[in-house]
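Please read all numbers here as calculations on a predicted model, not as lab measurements. Letters A, B, ... mirror the listed sequences (proteins, then strands); counts begin at 1.
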Amino acid sequence: MTLKLFNTLSGKLEEFVPLNPPEVKIYTCGVTVYDESHVGHGRSLIVFDVFRRFLEHLGYQVRFVRNFTDVDDKIITRAKEECKDFMEIADRYIARYYEDTQFIGIRPANVEPRVTDHIPEIIELIQKLIEKGFAYATPEGNVYFSVEKFKDYGKLSKRSVDELIAGARVEPGEDKKNPLDFALWKRSKAGEPAWDSPWGKGRPGWHTECVCFVFKHLGETIDIHGGGLDLIFPHHENEIAQAEALTEKPFARYWMHNGLVIVNGQKMSKSLGNFVTLKEIYTKYHPDVLRILVLSVHYRSPLDFFWEKMENAKKVYERIRQAVEDYEKLKELKTYEENLGGVHPLYEFVKETEEGFFKALSEDFKTQEALASYMNLISEMNKLRNKAFKDKKISSQALEAYGYAINSVKNTLRNIFGLLEDVLPRCPVKEVVKKELEPASAVVDKELINLLVEVRQMAREKKLFDIADKIRARLKEKGIILEDTPFGTKWKRV
RNA sequence: GGCGGCGUAGCCAAGUGGCUAAGGCGGGGGACUGCAAAUCCCUUAUUCCCCGGUUCGAAUCCGGGCGCCGCCUCCA
């Protein structure tokens with residue numbers, strides 16, 4: 001199976017061929033740690049988490065690096081606001097980041113470098129750029145990359161240097177030679193984080209760190225470089241300029257960019273106050289619901305977030321989970337031998353589902369189509385299950401086939417999509433979330449509910465339906481839903 | 001203004017030259033149920049923003065228009 005990916009660099013769908021198979025080197029730009037992670041970060045993280053799992057499924061040995069930007073203007077501003085050291089802010093939000101990502105099931109990268117741990121390497125890289133004539137230091141103690149020296153500038157974002165100059169904004173007091181030049185090293189003002197360098201006390205500019213991390217942890221040419229669409233210009237363009245100026249080799253063979261999250265049709269921004277944090281989402285929903293939402297949209301399309309969509313995704317999630325849970329109930333039914341004159345038709349359906357799933361992912365990672373493939377299988381399984389519940393028996397052939405299908409659902413959706421994982425162990429301290437995950441345990445007494453259910457069952461047996469319905473209605477007011485199934489009454493929290 | 005992308009049912013979203021236009025949510029009808037819920041079955045776009053063109057044939061390709069979004073400044 002060949003994997004095709006849309007490469008931002010060429011603007012085309014290309015067959016993915018790693019440089020040194022089976023090894024695949026991926027770098028994605030991580031977060032700047034100055035605030036809570038939001039659904040936009042979540043989307044990017046989920047997309048690349050699932051993509052990485054998919055590559056591993058294809059047999060590649062993936063080496064994945066994702067950074068933290070822990071020195072930056074926004075962090076410094078935040079630190080000043082709170083009268084704290086910038087490192088304290090960075091550490092706090094890195095800790096918060098790990099809480100969030102652990103909860104939504106993002107596997108850590110192989111290396112997660114921080115800028116502050118790589119200052120000497122960054123300085124060394126800048127020096128090499130100066131030596132090669134691509135960068136210059138100013139008397140004020142800043143170092144800039146000279147864009148005009150790099151002939152391919154603009155090739156990723158499809159911009160010409162001329163048009164960029166036309167639209168460039170020149171800040172007063174800047175000591176750049178050319179308005180497009182970008183900072184590699186910034187002189188620190190009083191009270192700002194500073195490191196000694198050949199150009200005086202200062203700190204790294206944003207774009208150098210990623211090049212440095214790639215070189216150090218992956219090599220001069222990587223297979224895939226990823227991130228949000230908004231990073232194409234100037235960040236990724238500037239990375240290419242620095243890296244390729246030095247090595248004269250392609251920096252990344254494939255550039256993958258995920259679409260951005262918008263909220264109710266509007267850009268998500270601090271000024272509009274429409275940020276949705278990951279914490280806000282996972283205190284209301286099971287983490288799988290967010291994954292389903294993200295994966296039900298193509299990764300390059302914009303994702304318009306609104307809460308009704310979470311409700312929609314929740315239904316899909318419950319549909320999947322129900323199919324898995326029902327297997328246990330099916331196993332309790334009486335079985336009989338059925339003469340099918342061959343294998344059960346569900347086997348063929350599972351095969352088609354798996355083929356459809358991986359075919360969709362192979363065509364520019366179409367997770368939404370892959371998911372649809374499994375939704376079809378679940379419909380088929382539900383038909384079989386419904387019949388069995390009605391007959392109060394199931395053929396051993398059908399039960400076996402259902403089990404086979406369940407295995408496929410579990411294996412594929414768990415291993416590739418990261419769904420159906422046991423989330424409680426990975427988030428032991430989230431009381432709010434525990435409530436969500438352990439229905440009603442924190443709100444009402446389980447024993448008491450069971451007692452009411454028992455009493456209601458007695459009433460039903462005596463045809464005292466007004467009493468039975470009263471219990472059901474009152475429990476519903478308390479947020480407890482009762483469902484009468486062939487296996488007795490079940491209850492869950494809304 | 002420049003660059004990139006998008007416009008498919010009430011909503012989300014596949015399909016990118018040719019079988020009856022995936023899948024989900026919502027709506028309607030039915031089955032099941034004491035009634036519900038859940039689930040299943042049927043149904044819900046004669047048509048893919050508009051106008052031309054290419055073609056035996058287009059949602060799908062080409063030209064034009066309209067509308068929306070993103071980037072161009074920090075941003076996943």
Side-chain angles (χ1 to χ4, degrees), chain A residues 6 8 11 13 28-32 34-35 37-48 66 69 72-74 77 154 157-160 162-164 166-169 171 206 226-235 237 257-262 265-270 275 292-293 296-298 300-304 306 308-309 311-319 322-323 326 356 360 363 366 368-387 389-390 459-461 463-466 468-469 472-473 476 481-486 489-492:
Chain A
F6 183 87
T8 310
L13 212 56
T28 64
C29 295
V31 293
T32 301
Y34 74 104
D35 207 345
S37 295
H38 54 66
V39 60
H41 299 123
R43 180 185 194 188
S44 194
L45 291 164
I46 289 168
V47 162
F48 285 102
R66 180 173 45 217
T69 299
D72 155 279
D73 289 345
K74 292 188 290 295
T77 305
S157 55
K158 318 270 187 287
R159 282 157 222 263
S160 73
D162 292 342
E163 95 192 16
L164 282 168
R169 197 188 293 175
E171 298 290 334
W206 178 35
L229 207 63
D230 51 346
L231 295 180
I232 295 173
F233 189 88
H235 184 54
E237 195 71 60
H257 291 99
N258 63 276
L260 303 184
V261 175
I262 53 178
Q266 279 186 308
K267 181 181 168 155
M268 190 164 65
S269 75
K270 282 266 175 341
F275 258 78
I292 287 168
L293 175 76
S296 59
V297 179
H298 185 59
R300 289 193 283 117
S301 302
L303 169 56
D304 194 355
F306 42 92
E308 293 94 312
K309 276 197 182 173
E311 285 298 314
N312 192 327
K314 187 179 177 183
K315 295 238 167 81
V316 174
Y317 159 71
E318 281 172 350
R319 211 173 147 78
Q322 190 67 45
D326 284 343
E363 288 168 4
K366 294 187 177 175
Q368 76 284 54
E369 244 181 285
L371 185 62
S373 180
Y374 267 92
M375 295 320 287
N376 284 328
L377 174 63
I378 285 168
S379 288
E380 285 303 306
M381 292 163 70
N382 283 342
K383 282 179 204 171
L384 188 156
R385 184 216 54 189
N386 242 32
K387 184 177 179 302
F389 282 174
K390 193 177 173 183
R460 288 178 70 209
E461 278 161 15
K463 310 275 183 209
L464 300 169
F465 295 119
D466 51 338
D469 292 348
R472 185 170 62 194
K476 192 177 180 181
I481 303 288
L482 297 194
E483 288 178 14
D484 298 324
T485 76
T489 301
K490 277 180 52 181
W491 60 269
K492 63 179 181 187

Exercise. Which part of the nucleic acid, if any, lies within reach of A/F465 when heavy atoms closer than 4.0 Å are counted: base, sugar-phosphate only, or nothing?
Worked result: base

Exercise. Which nucleotide, B/A76, B/C40, B/A14, lies nearest any side-chain atom of A/S44?
Worked result: B/A76

For this session: Check whether any side-chain N or O of A/S160 sits under 4.0 Å from OP1 or OP2 of B/G2, and answer yes or no.
Result: no

For this session: Return yes if the base of B/G70 and the side-chain atoms of A/D230 contain a donor-acceptor N/O pair under 3.5 Å, otherwise no.
Result: no

For this session: Report which part of the nucleic acid A/G30 touches: base, sugar-phosphate, or nothing (heavy-atom distance under 4.0 Å, all strands).
Result: sugar-phosphate

Exercise. If we take the C1' atom in both B/A21 and B/G64, what is their distance in whole Å?
Worked result: 26 Å

Exercise. How far does the C1' atom of B/C25 sit from the matching atom of B/C66, given to the nearest Å?
Worked result: 30 Å

Seminar exercise, completed: A/K383 has its side chain closest, among B/A13, B/G23, B/C41, to B/C41

Exercise. Considering only side-chain heavy atoms of A/K309, which listed nucleotide, B/A13, B/C35, B/A76, is closest?
Worked result: B/A13

Problem set entry | Atom C1', compared across B/C19 and B/A58: separation rounded to whole Å | 16 Å

Problem set entry | Nearest-angstrom distance, C1' atom, B/C32 to B/A22 | 28 Å

Exercise. Rounded to the Å, how far apart are A/D73 CG and B/C74 P?
Worked result: 10 Å

Exercise. Under 4.0 angstrom, heavy atoms only, what part of the nucleic acid is A/K463 near: base, sugar-phosphate, or nothing?
Worked result: nothing

Exercise. Mind checking who B/G70 pairs with, Watson-Crick or G-U wobble, both distances under 3.5 Å?
Worked result: B/C3

Exercise. Taking all non-hydrogen atoms of both residues, which atom of A/L13 and which atom of A/F6 are closest, and how far apart?
Worked result: CD1-N, 3.6 Å

Problem set entry | Separation of B/A13 P from A/E308 CD (nearest whole Å) | 14 Å

Exercise. Considering heavy-atom distances to RNA chain B, does A/N376 or A/S157 have its closest nucleotide positioned more toward the 5' end?
Worked result: A/S157

For this session: Write down the distance separating the P atoms in B/G4 and B/A13, rounded off to the nearest Å.
Result: 23 Å

Exercise. Using purine N1 to pyrimidine N3 plus N6-O4 or O6-N4 for Watson-Crick, or N1-O2 and O6-N3 for G-U wobble, both under 3.5 Å, which nucleotide pairs with B/G63?
Worked result: B/C51

Exercise. What does A/T8 touch in the nucleic acid at a heavy-atom separation under 4.0 angstrom: a base, only the sugar-phosphate, or nothing?
Worked result: nothing

Exercise. Hey, what do you get for OG1 (A/T485) to CZ (A/F389), rounding to the nearest 0.5 Å?
Worked result: 7.0 Å

Exercise. Taking only N and O in the side chain of A/Q368, is any of them less than 4.0 Å away from OP1 or OP2 of B/A13?
Worked result: no

For this session: Counting heavy atoms from C-beta on, name the nucleotide in B/C3, B/A37, B/A76 closest to the side chain of A/E483.
Result: B/A37

Exercise. Which nucleotide in the list B/A38, B/U39, B/C12 gets nearest to the side chain of A/F306?
Worked result: B/C12

Exercise. Where the side chain of A/R159 is defined as all heavy atoms beyond and including C-beta, which of B/C25, B/G24, B/C72 is the nearest nucleotide?
Worked result: B/C72

Exercise. Between B/G34, B/C40, B/A14, which nucleotide gets closest to the side-chain atoms of A/N382?
Worked result: B/C40

Exercise. What is the nucleic acid contact for A/L260, judged by heavy atoms within less than 4.0 Å: base, sugar-phosphate only, or nothing?
Worked result: base

Exercise. CG of A/L482 versus P of B/A36: gap in Å, rounded?
Worked result: 16 Å

Exercise. Would you say a side-chain N or O of A/R300 is under 4.0 Å from OP1 or OP2 of B/C69?
Worked result: no

Problem set entry | Closest to the A/N312 side chain, choosing from B/A14, B/G34, B/G24 | B/G24

Exercise. Are a donor atom and an acceptor atom from the side chains of A/N312 and A/E308 found within less than 3.5 Å of each other?
Worked result: no

Problem set entry | Sugar-phosphate, base or nothing in reach of A/V261, heavy atoms under 4.0 Å | base

For this session: Quickly work out the A/E311 CD to B/G24 C1' distance and round it to whole Å.
Result: 14 Å

Exercise. Between the side-chain atoms of A/D484 and the base atoms of B/C35, is any donor-acceptor pair under 3.5 Å?
Worked result: yes

Exercise. Looking only at heavy atoms, which two atoms of A/A370 and A/A360 are closest? And how far apart?
Worked result: N-CB, 3.6 Å

Exercise. Are there more than 12 heavy atoms of other residues, nucleotides or ligands under 6.0 Å from atom NZ of A/K390?
Worked result: no

Problem set entry | Closest to the A/K315 side chain, choosing from B/C35, B/C25, B/C12 | B/C25

Problem set entry | Between B/G17 and B/C61 - C1' atom distance, rounded Å | 8 Å

Exercise. Among A/R385, A/K383, A/R319, whose salt bridge (Lys or Arg N to Asp or Glu O under 4.0 Å) with A/D326 holds?
Worked result: A/R385

Exercise. What are the two closest heavy atoms between A/L231 and A/C29, and how far apart are they?
Worked result: CD1-CB, 3.6 Å

For this session: Tell me the partner of B/A37, counting only Watson-Crick (N1-N3 plus N6-O4 or O6-N4) or G-U wobble (N1-O2 and O6-N3) with both under 3.5 Å; none if nothing fits.
Result: none

Seminar exercise, completed: Contacts of A/D466 and A/S373 projected onto RNA chain B by closest heavy atom; the upstream (5') one is A/S373

For this session: Would you classify A/G40 as touching base, sugar-phosphate or nothing, given that sugar-phosphate means primed atoms plus P, OP1 and OP2, and contacts are heavy atoms under 4.0 Å?
Result: base

Problem set entry | B/A31 to B/U8 separation - P atoms, rounded to the nearest Å | 36 Å

For this session: Using atom types as modelled and distance alone, determine if a side-chain donor or acceptor of A/R43 lies under 3.5 Å from a backbone N or O of A/G259.
Result: yes

Problem set entry | Value in whole Å for how far the P atom of B/G5 lies from NZ of A/K158 | 9 Å

Exercise. What nucleic acid atoms does A/H38 come within less than 4.0 Å of, heavy atoms only: base, sugar-phosphate, or nothing?
Worked result: base

Exercise. Just how far, in rounded Å, is C1' of B/C41 from NZ of A/K390?
Worked result: 11 Å

Exercise. Is there a donor and acceptor pair, one atom on the side chain of A/R319 and one on the base of B/G24, closer than 3.5 Å?
Worked result: no

Exercise. Going by an N to O cut-off under 4.0 Å, is there a salt bridge joining A/E318 and A/K315?
Worked result: no

Seminar exercise, completed: Among B/A22, B/A76, B/C71, the one nearest any side-chain atom of A/A372 is B/A22

For this session: Look at the side chain of A/R472 and the base of B/C35, then say whether one donor and one acceptor between them are separated by less than 3.5 Å.
Result: yes

Anything under 3.5 Å between a protein N or O and an N or O of nucleotides 16-19 of chain B, put it in a table, one pair a line.
none

Problem set entry | C1' spacing across the pair B/C48 / B/A9, given as an integer number of angstrom | 10 Å

Exercise. Among A/V39, A/L293, A/D304, whose side chain to side chain contact (heavy atoms under 4.5 Å, CB included) with A/V261 holds?
Worked result: A/V39

